[in-house]
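Below is one structure, written out as structure tokens; the observations come after it.
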Amino acid sequence: MELGFRLLLVLAIGVLLACGGGIAPASAAGGRWELLQDSVGVSAMHMQLLHNDRVILFDRTNFGPSNLTFPPGHPCRRNPRDQWFRGEADCTAHSVEYDVASNTFRALSIFTDTWCSSGYVAPDGTLVQTGGSDDGIRKVRLMPACTGGADDTACDWSEKPTDPDVLAADRWYATNQKLPDGSAIIVGGRGQPNYEFYPKADPASGTTLPLQFLSGDNSMYLYPFVHLNVDGNLFIFENNRAILFDYKSGSVVRTYPTLGDGAPRNNPTAGSSVLLPLKPNATEAEVLVCGGAPASSISAVNDNRQFPPALRTCGRIKITDPEPAAAWVLEDMPSPRVMGDMILLPNGEVLIINGATDGIAGWDSANTFNPTPVVYRPDRPLGDRFEAQAPAAGTPRPRMYHASAVLLRDGRVLLGGSNPHERYVFGNAKFPTELSLEAFSPDYLDASNDDRRPSIVNPSLTGAPVSVKYDDQLVVAFRVPVRDPVVSVTMVAPSFTTHSFAQNQRLLFLQAQLVTKAPQLPGIGGAILPTDVHVASVTMPTKVLAPPGYYLLFVVNGRIPSKGIWVHIQ
Ligand SMILES: *[C@@H]1O[C@H](CO)[C@@H](O)[C@H](O)[C@H]1NC(C)=O
Ligand SMILES: *[C@@H]1O[C@H](CO)[C@@H](O)[C@H](O)[C@H]1NC(C)=O
């Protein structure tokens, strides 16, 4: 009798879970850390995932050898303008291609200095890296998505010793944003209150256009947060304030109020920022800015070697609201954070990871690592949006200055870098140079969620790229082991991440209609599908919402995402 009752109870709970409509069980500290590589030999100051599921990472070149020696036969770098080698051979790599599936990496060649640079992925899937420092400050370098498997040695950065300067101004600490026409705007940089485009509309012009907003007090802050708004204008945040900017006419459309108490949020008081996920056919957009440091921390660190607490606040604003309605709403994170990375997750939540609880960005400028990532759930009520994840355990790898993070196709977040030193320093340092790569799996990847996890079976079983056109209907078939999944379909632009800001990152919820038959699926035309197979007809977005190029597309059940597939939208 008692046994029977217990069995009934277990069955009832099973049914409750299965019918939960995809709402994950509340877990106080889900998520998992995984060391992928103890050393790839290069510190990941900048990272970008390409549509071959390989991550291109790179550091700078002007500080001496890295810890990755070129394989025999690989030409060494001889750059007379290199500050360290001065024309002597540098036979070490400063960039690496990391293959996610095989967990392997290989050395790549960069000729001139890429320190604190910017980038974006062109519509054809090529990584376009812009600027840097010293001899690289006006260079543009290209890295394709290589297809040659393990023996891909001929596939590398295209940068020749004789390459001319391409940029019209020095771009050190600038931010790029891909535009609806597939080009990029390059905004700011140290001492550069202006912008330019790549490729140039008129290659001969060589001009920059003024951006007064980046001058005055704001010129103390670097790497502006730039987001492409749904109306085609750019939201640009620097220091503690923001504008909506029409880059075509060079005019300020809107001036937003100052965020909170006016504490600064950009490098070196490095907070981070995301454009929150866009709803289908979005006409509204919101921006979230989290963390940073009080302005007084700059002199406290630089003059007195003190490390005051970082900011705990985030500001959220509806950027499509006209003046004066647009207002920042403040929220408190569970812990203070400077130099955090904000990464949009496939389910529309935001992971806040990496960084310190005190100090500022810079060499030896922070004293306490923040080991605990936090997930922000934008659709929950104010005051109930943050959910702490499992802290880095075992031997944590503090990732602070010059660390980075990018989303992977399988829903994990790749973490690399951290080097709060001018050169590579391993012994006698509280925070040694990090050459490792780690993956953080947010709690949606916990095994307890496997019973509600979708998997895409069509149009791409392997994740390999599928071509789509703007406004197309894409038929997506997926399996999910629950009867009534709560389905949404999302599309994510992978970011170029450096210095606590994920450039070009955006996530769209797409219009998706569930259908019971699959008329357009090859092989099962018109068939009634097995009960665990579902089909969604997904409306592709417009160019302004999703500039052309490669995106990751996910099916999400509740808050549990599938693995992504690549879509190439043009
Ligand atoms: C990097 O290279 C230095 C110098 O050769 C060596 O002392 C150090 O152990 C290396 N560190 C790692 C993490 O490979
Ligand atoms: C999206 O917006 C456009 C323009 O307002 C409209 O024509 C279209 O029907 C909308 N589509 C959906 C799916 O709402």
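Computed from a predicted structure; not experimentally measured. We count ligands from 1, going down the list as the structure has it; atoms in each ligand are counted the same way.
Of the protein's heavy atoms, at least one falls inside 4.0 Å of atom 14 (O) of ligand 1. Distance remark: protein heavy atom not present below 4.0 angstrom from atom 9 (O) of ligand 1. Under the 4.0 angstrom criterion, atom 4 (C) of ligand 1 counts as lacking any protein heavy-atom contact.
Below 30°, between 30° and 60°, or above 60°: for F58 and F496 the angle between ring planes is between 30° and 60°, a tilted geometry.
Taking a cutoff of 4.0 Å between a charged side-chain nitrogen and a carboxylate oxygen, R78 and D90 do not qualify as a salt bridge. A salt bridge is absent between E34 and R397: the closest approach of a Lys/Arg side-chain nitrogen to an acidic carboxylate oxygen does not fall below 4.0 angstrom.
Here the rule is ring-ring contact (aromatic ring centres under 6.0 Å, His included) with F237, and of F501, F225, Y221 only F225 fits it.
At a 4.0 Å heavy-atom cut-off, ligand 1 does not touch Y424 at all.
The cationic group of R190 lies under 6.0 Å from the six-membered ring centre of W172 and within 45° of the ring axis, placing it in a cation-pi geometry.
Within ligand 1, counting atoms from 1 as listed, the ones closer than 4.0 Å to a heavy atom of N67 are 1 (C), 2 (O), 3 (C), 8 (C), 10 (C), 11 (N), 12 (C), 14 (O).
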